[in-house]
Amino acid sequence: QHALMNYNKADISGGTFKISDDAKAVIINAKYDDVMDQGILNITNGSFFGAKVLTSNVDVKISGGLFSEDLSRFVIDSCKSYETDNGYVVAPKTTDITIHLEKQKIKVQETTKLIVDSRNPTNTLDEMKYTSSDDSIATIDSNGQITGLKAGTVTLTVASGEIQKSVDLTVYEIKDTKIDTSKRMD
């Protein structure tokens, strides 16, 4: 059993497309004959379960949706296929991030925050990942909270998808200085 979908030009922006459990494949064929000569399929949303074969003569552009298999080869450049527990979700990729520190220098045991301005589409699935070049000098958690541990300079990096930005932070130590007040100065 196969399901065969023929079209000339189609835009799919929603819906659920699922073949029966006894079918072996869904074959999407956009150039069935000379009358159907365009072979253009744009998918912006929807759920597609059971798609196994897409013929090579298809101009498919996917910018959203949930699929039972990875169709990355058809995903437009500004989007990405993300593997999830429910299948492969196509959503926008990270486009840009800018970062800055609340404080450029902190004392040992002091905290500060790495502020991230993301110009990502709201529905991107890219996660923000924070790292420190030296966790013995300063650590950074998954929310961008930084704690200074010992004196030194560290590079803090934020990565989201293929975009990565870094900034340097200086951690300094204040030495205890004791002043002898028992001696009189003339």
Side-chain angles (χ1 to χ4, degrees), residues 12-14 16 42-49 51 60-186:
I12 300 174
S13 60
T16 300
N42 295 309
I43 300 174
T44 57
N45 203 354
S47 298
F48 302 84
F49 298 98
V60 178
K61 293 183 177 116
I62 301 174
S63 60
L66 174 63
F67 302 87
S68 59
E69 73 171 285
D70 186 6
L71 299 176
S72 294
R73 64 192 181 277
F74 301 110
V75 174
I76 64 172
D77 289 341
S78 63
C79 294
K80 180 178 173 184
S81 179
Y82 302 85
E83 186 173 9
T84 69
D85 292 340
N86 297 323
Y88 292 87
V89 175
V90 174
K93 309 190 260 196
T94 298
T95 55
D96 192 21
I97 53 178
T98 58
I99 61 174
H100 70 276
L101 292 165
E102 280 183 337
K103 299 177 186 175
Q104 300 294 318
K105 297 179 181 182
I106 60 172
K107 298 180 280 192
V108 171
Q109 297 306 313
E110 188 177 8
T111 62
T112 190
K113 181 118 174 124
L114 183 62
I115 308 296
V116 178
D117 175 25
S118 173
R119 290 185 181 82
N120 294 334
T122 55
N123 57 341
T124 185
L125 297 180
D126 287 333
E127 295 178 30
M128 294 288 179
K129 295 178 184 167
Y130 300 85
T131 57
S132 169
S133 63
D134 190 338
D135 286 334
S136 70
I137 295 174
T139 59
I140 185 165
D141 69 16
S142 61
N143 296 312
Q145 188 72 23
I146 305 158
T147 303
L149 301 176
K150 74 175 187 181
T153 300
V154 66
T155 300
L156 304 166
T157 302
V158 178
S160 180
E162 298 170 5
I163 307 296
Q164 179 175 304
K165 299 290 173 105
S166 298
V167 64
D168 289 337
L169 171 74
T170 301
V171 179
Y172 63 93
E173 189 171 1
I174 297 179
K175 302 279 184 187
D176 286 339
T177 54
K178 295 184 181 186
I179 300 174
D180 186 356
T181 57
S182 64
K183 294 184 181 176
R184 191 167 174 197
M185 298 180 77
D186 292 327

List the atom of [X], the atom of [Y], and the distance in Å for their closest heavy-atom pair.
| X | Y | result |
| --- | --- | --- |
| Lys93 | Tyr82 | CA-OH, 3.7 Å |
| Val90 | Ser63 | CG1-C, 3.7 Å |
| Ser136 | Leu149 | O-CB, 3.4 Å |
| Ser132 | Ile140 | N-CG2, 3.9 Å |
| Val158 | Met128 | CG1-SD, 3.8 Å |
| Ile137 | Thr153 | CD1-O, 3.7 Å |

Between the side chains of Lys165 and Asp96, is the shortest nitrogen-to-carboxylate-oxygen separation below 4.0 Å, so that they form an ion pair? yes
Taking the basic N atoms (NZ, or NE/NH1/NH2) and the acidic carboxylate oxygens, is any pair closer than 4.0 Å for Glu110 and Lys103?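 So Glu110 pairs with Lys103 through a salt bridge.
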Chi angles and distances behind the side-chain contact (heavy atoms from CB on, under 4.5 Å) call for Tyr130, Asn143: CA-CA 8 Å; Tyr130 300 85; Asn143 296 312; 6.0 Å; no
Kindly determine whether Glu102 and Ile115 satisfy side-chain contact (heavy atoms from CB on, under 4.5 Å), including the steps that lead there. CA-CA 7 Å; Glu102 280 183 337; Ile115 308 296; 4.1 Å; yes
Look at the side chain of [X] and the backbone N and O of [Y], then say whether any donor-acceptor pair between them is shorter than 3.5 Å.
| X | Y | value |
| --- | --- | --- |
| Asp70 | Ser72 | yes |
| Lys107 | Gly148 | no |
| Ser166 | Thr155 | no |

For the [atom1] atom of [X] and the [atom2] atom of [Y], what is their distance to the nearest 0.5 Å?
| X | Y | atom1 | atom2 | answer |
| --- | --- | --- | --- | --- |
| Leu114 | Asp141 | CG | CG | 10.5 Å |
| Lys113 | Ile146 | NZ | CD1 | 8.5 Å |
| Thr94 | Gln164 | OG1 | CD | 12.0 Å |
| Asp168 | Leu156 | CG | CG | 8.0 Å |
| Gln104 | Leu169 | CD | CG | 7.5 Å |
| Glu69 | Leu71 | CD | CG | 5.0 Å |

Passes side-chain contact (heavy atoms from CB on, under 4.5 Å), Ile43 versus Phe48? Steps please. CA-CA 10 Å; Ile43 300 174; Phe48 302 84; 3.5 Å; yes
I want to check something: taking the side chain as every heavy atom from C-beta on, are Val171 and Val108 in contact at a cut-off of under 4.5 Å? yes
Are the side chains of Val75 and Lys80 in touch, meaning some heavy atoms are under 4.5 Å apart?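 The answer is no, as the side chains (C-beta and beyond) never meet within the 4.5 Å cut-off.
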Kindly say whether the aromatic ring centers of Phe67 and Tyr88 come within a distance under 6.0 Å. no
Can you list everything that forms a salt bridge (charged side-chain N to carboxylate O under 4.0 Å, His left out) with Lys61? Sequence neighbours excluded, please. Asp59
